[in-house]
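Below: the structure, in structure tokens.
Just so you know, these numbers use all the heavy atoms, side chains as well, and skip hydrogens, waters and symmetry mates.
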Amino acid sequence: SGSAAAVADFMVPLAFGTQTAGSIIRPAAYCGIVGYKPTFGMIPRAGMKVMSESLDTIGVMARSVADCALFAGAVAGRNLGDPERAPPRPPRIGLCRSPSWPAARPETLALWDDVAAALGRAGATLVERELPASFAALVEAHPTIMVMETARALGWDLTTQAPLLSAGLKERHLPALAWPPERLDEARKIAQGCILAFSPALDGLDVLVTPSAPGEAPEGIGWTGDAVFNFLWTTLRVPCVTVPAGLGPHGLPLGIQVVGRMSDDASVLAWARWVAAALA
């Protein structure tokens, strides 16, 4: 969307993004740039209009992994390392199709094989690694959390300023004001269980590699695309980075996503730079 397109077109070198489902990783992938969604809460949300307390994450976009690390580190007051420094060894990478794999379009299916081959040639140790079956429950838990928390955040607007709001926003969120709070409690409980189970799922690995989006950007400006390959990692609150990985059948950019453990952002950025170099 706007921020990713501005970076890609050299209007600006850096841009913020906010991700509740996939609004950093997906547009960055569509525009052929680097997008970095940090560990939840790493960049403070003070001054931001929070929509979903459990999900909203501020991140950054740039044309290189190193620029993302510099920018995010500066605004977060953290040392995120120098991704340009060569690591002492190749990474141990889990190839994770994730529960969203059925949404992958033909260009992503072809990309997946090309990416695996390129990473293998560069020296990475590759293993197939899928998440535990219990993570499939996030397919319903994430939208429940997002819609119910956003409806609460917009409660005043929805109930007193409805004529000024879009039909789509009202259709999606007005009904959620009447949903029982226990529904939100249960969705949050599912999310928390998966958060706790995620680190053990990476045993023996440095990072996971997974698609950034179903395929190329959709035509036109009526839809920003499907966040099906992003919402899972947002709910898990873990750092993820998308790097350019080639072009689709219409000559539009494709990305590949590098995901790691919560609070292990510097390592995830370093391995994302390694992956980007291997795919270049």
Side-chain angles (χ1 to χ4, degrees), residues 17-29 35-45 48 50-60 72 94 96-104 129-154 172-173 176 179 181-202 205 207-214 224-242 255-265 268 272:
T18 56
Q19 183 156 312
T20 308
S23 294
I24 296 170
I25 299 299
R26 185 176 75 257
Y36 163 42
K37 184 199 78 66
T39 294
F40 178 81
M42 193 190 82
I43 298 178
R45 298 188 302 187
M48 171 188 166
V50 175
M51 306 293 283
S52 174
E53 287 282 353
S54 301
L55 302 171
D56 287 356
T57 308
I58 299 176
V60 300
C96 182
R97 291 176 173 83
S98 87
S100 300
W101 186 250
R129 181 66 58 90
E130 290 306 322
L131 299 175
S134 60
F135 281 56
L138 293 176
V139 173
E140 293 187 6
H142 171 273
T144 297
I145 295 169
M146 185 171 70
V147 171
M148 290 191 72
E149 290 186 345
T150 300
R152 292 181 175 191
L154 297 177
R172 182 172 178 81
H173 295 98
W179 293 356
E182 292 79 12
R183 182 170 177 176
L184 179 57
D185 294 342
E186 180 59 27
R188 286 172 171 169
K189 182 178 179 180
I190 290 170
Q192 185 60 30
C194 292
I195 289 169
L196 295 174
F198 181 67
S199 187
L202 268 69
L205 301 174
V207 289
L208 298 177
V209 164
T210 192
S212 298
T224 60
D226 195 339
V228 67
F229 282 107
N230 314 124
F231 76 85
L232 185 77
W233 317 113
T234 307
T235 311
L236 294 173
R237 301 184 168 187
V238 295
C240 40
V241 183
T242 182
I256 201 73
Q257 188 172 192
V258 180
V259 179
R261 297 170 178 83
M262 189 182 296
S263 301
D264 197 21
D265 292 62
V268 174

Who are the salt bridge (Lys or Arg N to Asp or Glu O under 4.0 Å) partners of R97, not counting sequence neighbours?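 For R97 the salt bridge (Lys or Arg N to Asp or Glu O under 4.0 Å) partners, ignoring immediate neighbours, are E128.
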
By salt bridge (Lys or Arg N to Asp or Glu O under 4.0 Å), which residues pair with R172, not counting sequence neighbours?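 Not a single residue meets the salt bridge (Lys or Arg N to Asp or Glu O under 4.0 Å) criterion with R172.
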
Evaluate the side chain to side chain contact (heavy atoms under 4.5 Å, CB included) criterion for residues V268 and Y36: first the C-alpha distance (whole Å), next the side-chain angles of each, then the deciding distance (0.1 Å), finally the verdict. CA-CA 10 Å; V268 174; Y36 163 42; 6.0 Å; no

Donor-acceptor pair, side chain of Q257 and main chain of V241, under 3.5 angstrom: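 Flag not set: sc Q257 to bb V241 has no pair under 3.5 Å.
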
Which residues pass the side-chain contact (heavy atoms from CB on, under 4.5 Å) test with [X], sequence neighbours left out?
X	value
L154	K49, M51, T150, D157, L158, L169
A227	A21, R26, N230
R237	F40, S54, I195, M262

Shortest non-hydrogen contact between [X] and [Y], atoms and distance:
X	Y	answer
L131	A201	CD2-CB, 4.5 Å
G260	F198	O-CE2, 3.4 Å
P44	I58	O-CD1, 3.3 Å
P239	S263	CD-N, 4.4 Å

Should [X] and [Y] count as side-chain neighbours, where that means a heavy-atom distance under 4.5 Å?
X	Y	result
L232	S100	no
L202	L208	yes
C240	I25	yes
P27	T224	no
V259	L236	no

Under the side chain to side chain contact (heavy atoms under 4.5 Å, CB included) rule, what do T242 and F229 come out as? Steps first, then yes or no, please. CA-CA 11 Å; T242 182; F229 282 107; over 6 Å; no

Would you be so kind as to tabulate the donor-acceptor pairs closer than 3.5 Å made by side chains of residues 135-147, with sequence neighbours excluded?
unit_1 : atom_1 : unit_2 : atom_2 : d
H142   : NE2    : T20    : O      : 3.0
T144   : OG1    : E140   : O      : 3.0

Derivation and outcome, side chain to side chain contact (heavy atoms under 4.5 Å, CB included), residues W233 and T210: CA-CA 10 Å; W233 317 113; T210 192; 3.7 Å; yes

Taking side-chain hydrogen bond (donor to acceptor under 3.5 Å, both in side chains) as the definition, give me every residue that meets it alongside [X], ordered by chain and number, with sequence neighbours left out.
X	answer
R45	E53
T234	Q19
D226	none

State the SG-CG distance between C96 and L205, to the nearest 0.5 angstrom.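 The distance works out to 10.0 Å.
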
Which value, rounded to the nearest 0.5 Å, describes the distance between D264 atom CG and T39 atom OG1?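 Result: 8.0 Å between the selected atoms.
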
Strictly by salt bridge (Lys or Arg N to Asp or Glu O under 4.0 Å), give each pair with a member in residues 129-139 just once, sequence neighbours left out.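 Matches after skipping sequence neighbours: none remain.
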
What side-chain hydrogen bond (donor to acceptor under 3.5 Å, both in side chains) pairs are there with at least one residue in residues 185-199, not counting sequence neighbours?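 Output for this query lists E149-R188.
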
